[in-house]
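Read through the structure below, which is laid out as structure tokens, and then see the notes.
One-based numbering, in listed order, for ligands and for the atoms of each. If you're wondering where the values come from, they're calculated on a predicted model, not measured in any experiment.
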Amino acid sequence: MKRVSITEQDIGSADSIIKEAAEWIRRGELVAFPTETVYGLGANALDDSAVQKIFVAKGRPSDNPLIVHIAHQDQLLSLVADIPPVAQQLITAFWPGPLTLVFHKSHLVPDSVTAGGQTVAIRMPDHPIAQQLIKKSGVPIAAPSANSSGRPSPTQAEHVQQDLKENNIFLIDAGSTQVGLESTVLDISESTPVLLRSGGVSLEEIENVIGKIVTSTETLTNQASIAKSPGLKYRHYAPKAKVLIAEAKDFLEIISKYPEKKIACITLQRDMLSKEKNISIVPMHSVAEMAQHLFSIFRECDEKGTEIILVESVPPIGIGRALMNRVERASQPH
Ligand code: TXA
Ligand code: MG
């Protein structure tokens, strides 16, 4: 792994680093890079053998398709079979940004990217480094989150290094990501748009633009959506600790059931205190802050040997919906 760092002050003068990273992409190698959601592990989306390297590095099942990242709308035309009218509305409203759209694919997209399927997921990230990397590479970049399969998505370069250091990867460190949870995935390949994964663009924002969409598919066990988006069936976002979701008022009662256990409480109650040595409180100002830090807190808890992570439930509104979705997935039995 080759790790280089770009700080906020020199984002404008990061040219030579991005140029080198783009060369790695063109050579068919892997580049881990920041987006506004989480770090991605990228390869030239048009190069089948480069894309295969992503699956090997992550230990990702080959039936789980990848998102293709583009930097301008022209790139979309060659990757998809058609652009439905609803797509144009969504693109105008949300790109660049954390919304991934699923289209019918063109013949240019290799089977490894789509896991053999006839659709392709595409997004235009809203991050200067991601955008410059795609532009300088001159190709669309296929990129899943840059964690090893099953681990929480990386929101810092350090997380990528923890998971993937044994691999030949060019890692661009540009600090913590803004949103902290992955993009929303919306299937627009059939007549009614279907939410496959909630994320950085909220359901309310989408419905404001295109009206009601199908959301039942997002539940953890929906067989139809698993068939559409195989990634849903795999265990995700999981720390080693047991994850429990509860209202803040019930925290004390739950804690009392686990005497001696090492417990972390993620809560919006900023005045929550504990004198117990085995209990740590992680106070958050807002649901957005909780979303931004959830995955890094999961990783810290793993390092500290936390046995139980108690997460305050929040209303499934705005980013709260994606947050609760990830916490619920993390709380599935090991
Ligand atoms: O924010 C994000 O989306 C990040 C950054 C790096 O862009 N990427 C990301 O990729 O989260 P990944 O691979 O970890 O999650 C992609 C999800 C998976 O659940 C996958 O099954 C689904 O999108 N997906 C990809 N292609 C699809 C397709 N053609 N049809 C349905 N679902 C698809
Ligand atoms: Mg992922």
Applying a 4.0 Å heavy-atom criterion (strictly less than), which segment of [X] is in contact with ligand 1: side chain, backbone, both, or neither?
X      : result
Gln118 : neither
Val102 : side chain
Leu196 : side chain

Contact (N/O only, under 3.5 Å) between Ser145 and ligand 1: yes
Restricting to side chain to side chain donor-acceptor pair (under 3.5 Å), what partner residues turn up for Lys304, sequence neighbours left out? none
Looking at the Mg ion (ligand 2), is there an N, O or S atom belonging to Ser149 that lies under 2.8 Å away from it? no
Arg329, Arg123, Arg326 screened by salt bridge (Lys or Arg N to Asp or Glu O under 4.0 Å) with Glu182, the one that passes: Arg326
Any heavy atom of Lys105 sitting closer than 4.0 Å to ligand 1? no
Out of curiosity, is Thr114 lining ligand 1, as in a heavy atom under 4.0 Å away? no
Any donor and acceptor pair, going by atom type alone, linking the side chain of Glu289 with main-chain N or O of Met284 inside 3.5 Å? no
Can you tell which of Ile54, Asp187, Val185 gets a heavy atom nearest to atom 23 (O) of ligand 1? Val185
Heavy-atom nearest neighbour of atom 26 (N) of ligand 1 within options Ala143, Ala121, Ala142: Ala121
Sorted by first residue and then second, give each salt bridge (Lys or Arg N to Asp or Glu O under 4.0 Å) pair with at least one member in residues 125-137; sequence neighbours left out. Asp15-Lys136
How long is the gap from CZ on Phe94 to OG1 on Thr100, to the nearest 0.5 Å? 13.0 Å
Heavy-atom pair with the smallest gap, counting every atom of Gly180 and Thr155: O-CG2, 3.6 Å
